[in-house]
Amino acid sequence: MPDTQTAVDTVPQEHAMSPESVVGYLHSTESGAGVDGPGMRFVFFTSGCQFRCLYCHNPDTWKLHNGRQVTVEQAMAELEPYARFLKFAGGVTVSGGEPLMQDGFVGELFREAKRRFGLHTALDTQGFLHERVSDEWFDAVDLVMLDIKHSDPERYHALTGQPLQPTLDFARRLQRLGKKMWVRYVLVPGLTDGDEDISRLADFVAGLGSVVERVEVLPFHQLGMDKWQKLGMEYQLADTPIPTPEQVKRARELFSCKGLKVT
């Protein structure tokens with residue numbers, strides 16, 4: 001198994017700090033993303049993740065310090081040229097890696113994006129570390145894109161290396177807060193495509209009520225295989241096929257039959 005040091009290698013920050021002093025680590029940015037929230041998005045991809053998902057297509061984000069160190073002020077300078085357009089066309093998303101590993105940096109980034117530019121903000125997370133932050137931390141977050149990778153606890157752990165329950169608890173916390181969310185589900189043949197597993201998750205998500213704006217069924221792909229090889233890591237899903245259109249349609253039907261909007 002890969003080095004798991006980053007499971008505890010996190011960057012907690014105090015909220016009452018200036019944008020010039022709050023430091024984080026970014027893997028990369030994207031200025032014209034169309035799949036990371038509503039409309040066109042500027043996306044900050046943070047580095048560091050405590051999960052070890054078998055199908056991860058960015059294993060180079062796992063280690064926190066593999067990213068470049070930036071202050072919130074520097075991150076805002078990268079965002080500023082696009083801010084006027086994004087205010088009307090979309091907004092800013094923080095993805096990963098896992099953003100909640102750097103909750104102080106990410107929270108300040110969201111607050112500054114709101115304060116300076118009035119942008120719609122979205123957090124892409126699996127929610128495992130949600131207990132690190134207060135309810136007020138989410139005040140500057142308009143949308144949470146919650147990645148729930150499986151509905152069976154044992155299979156979830158086998159797939160990710162971490163327990164499922166904190167993610168489910170986070171979903172219920174967002175429900176309590178009335179925070180809008182998109183639930184994301186990666187469809188992997190042989191791992192996450194079982195009808196019973198999908199139906200179980202669909203029941204849970206439907207039970208969250210109107211805070212769930214949509215469910216996104218994301219077909220598994222092999223675009224990250226080369227990264228695993230370049231990092232000298234064993235990629236266990238090399239022979240796993242991408243899902244067929246029929247498999248994707250079936251998964252979407254299992255969610256939609258519970259009254260959920262599915263894309």
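As the structure is a prediction and not an experimental result, all values here were calculated from the model. The figures that follow rest on heavy atoms only: side chains count, while hydrogens, waters and symmetry mates do not.
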Exercise: identify the closest heavy-atom pair between [X] and [Y]:
| X | Y | value |
| --- | --- | --- |
| Phe105 | Thr71 | CE1-C, 4.0 Å |
| Ala113 | Val92 | CB-CG1, 4.0 Å |
| Ala251 | Val217 | CB-CG1, 4.2 Å |
| Pro59 | Met233 | CB-CE, 3.4 Å |
| Pro189 | Ile242 | CG-C, 3.9 Å |
| Ala158 | Leu54 | O-CD1, 3.9 Å |

Could you grab the distance from atom [atom1] of [X] to atom [atom2] of [Y], nearest 0.5 Å is fine?
| X | Y | atom1 | atom2 | answer |
| --- | --- | --- | --- | --- |
| Gln69 | Tyr25 | CD | OH | 4.0 Å |
| Thr121 | Leu143 | OG1 | CG | 8.0 Å |
| His150 | Thr167 | NE2 | OG1 | 13.5 Å |
| Leu177 | Arg173 | CG | CZ | 6.0 Å |
| Asp103 | Leu129 | CG | CG | 8.0 Å |
| Leu123 | Lys179 | CG | NZ | 10.0 Å |

Any donor-acceptor pair under 3.5 Å from [X] side chain to [Y] backbone:
| X | Y | answer |
| --- | --- | --- |
| Glu112 | Leu109 | no |
| Ser47 | His27 | no |
| Asp142 | Ala122 | no |
| Gln247 | Thr244 | yes |
| Gln222 | Thr240 | yes |
| Thr192 | Val186 | yes |
| Arg68 | His65 | no |
| Asp152 | Glu154 | yes |

What I want to find out is whether Arg111 reaches Glu108 closely enough, with some N-O distance under 4.0 Å, to be called a salt bridge. yes
Could you tell me whether Glu196 and Arg155 have a side-chain N and a carboxylate O separated by less than 4.0 Å? no
Please test Phe117 against Lys87 for side chain to side chain contact (heavy atoms under 4.5 Å, CB included), starting from the C-alpha separation and ending with a verdict. CA-CA 7 Å; Phe117 310 125; Lys87 185 173 175 62; over 6 Å; no
Could you walk me through whether Phe220 and Leu237 satisfy the side chain to side chain contact (heavy atoms under 4.5 Å, CB included) test, starting with their C-alpha distance in whole Å, then the side-chain angles of each, then the deciding distance to 0.1 Å, before giving a yes or no? CA-CA 10 Å; Phe220 166 75; Leu237 304 187; 4.1 Å; yes
Residue set satisfying side-chain hydrogen bond (donor to acceptor under 3.5 Å, both in side chains) with Gln175, at least two apart, ordered chain then number -> none
Return the set of residues passing side-chain hydrogen bond (donor to acceptor under 3.5 Å, both in side chains) with Tyr82 (not counting sequence neighbours), or none when no residue passes. none
Common cluster, [X]/[Y], ILVMFWY with side-chain heavy-atom separation under 4.5 Å:
| X | Y | value |
| --- | --- | --- |
| Val211 | Val215 | yes |
| Ile148 | Phe128 | yes |
| Phe45 | Val72 | no |
| Val43 | Leu146 | no |
| Ile198 | Val212 | yes |

Considering only heavy atoms from C-beta outward, does the side chain of [X] approach that of [Y] to under 4.5 Å?
| X | Y | result |
| --- | --- | --- |
| Met145 | Met181 | no |
| Lys261 | Phe255 | no |
| Thr61 | Asn66 | no |
| Leu187 | Pro219 | no |
| Leu79 | Thr29 | no |
| Lys258 | Asp203 | yes |
| Phe110 | Trp137 | yes |
| Val188 | Asp193 | no |

Residues pairing under salt bridge (charged side-chain N to carboxylate O under 4.0 Å, His left out) where one sits in residues 207-225, two or more places apart or in two chains, turn out to be Arg184-Glu216
Where do Thr93 and Asp36 land on the side-chain hydrogen bond (donor to acceptor under 3.5 Å, both in side chains) test, with the steps shown first? CA-CA 7 Å; Thr93 297; Asp36 294 284; over 6 Å; no
On the 0 to 90° scale, with breaks at 30° and 60°, tag the Tyr235-Trp228 ring pair as parallel, tilted or perpendicular. tilted
Centroid-centroid under 6.0 Å between Tyr156 and Tyr185 rings: no
Are His130 and Phe170 close enough that their ring centers fall under 6.0 Å? yes
With sequence neighbours excluded, residues passing salt bridge (Lys or Arg N to Asp or Glu O under 4.0 Å) with Arg176: Asp135
Passes side-chain hydrogen bond (donor to acceptor under 3.5 Å, both in side chains), His120 versus Arg41? Steps please. CA-CA 9 Å; His120 179 277; Arg41 316 293 295 184; 3.1 Å; yes
Listed by chain and number, what are the side-chain contact (heavy atoms from CB on, under 4.5 Å) partners of Ser151, not counting sequence neighbours? Asp197, Arg200, Leu201
Step by step, would you call Leu231 with Asp60 a side chain to side chain contact (heavy atoms under 4.5 Å, CB included)? CA-CA 8 Å; Leu231 292 169; Asp60 50 328; 4.3 Å; yes
With clusters built from Ile, Leu, Val, Met, Phe, Trp and Tyr whose side-chain heavy atoms come within less than 4.5 Å, directly or transitively, what are the remaining members of the cluster of Val35, listed by chain and number? none
Determine whether Met76 and Glu80 satisfy the following criterion, side chain to side chain contact (heavy atoms under 4.5 Å, CB included), listing intermediate values before the conclusion. CA-CA 6 Å; Met76 289 298 101; Glu80 186 172 13; over 6 Å; no
Determine, stepwise, if the pair Glu98 / Thr46 fulfils side-chain hydrogen bond (donor to acceptor under 3.5 Å, both in side chains). CA-CA 7 Å; Glu98 171 47 53; Thr46 60; over 6 Å; no
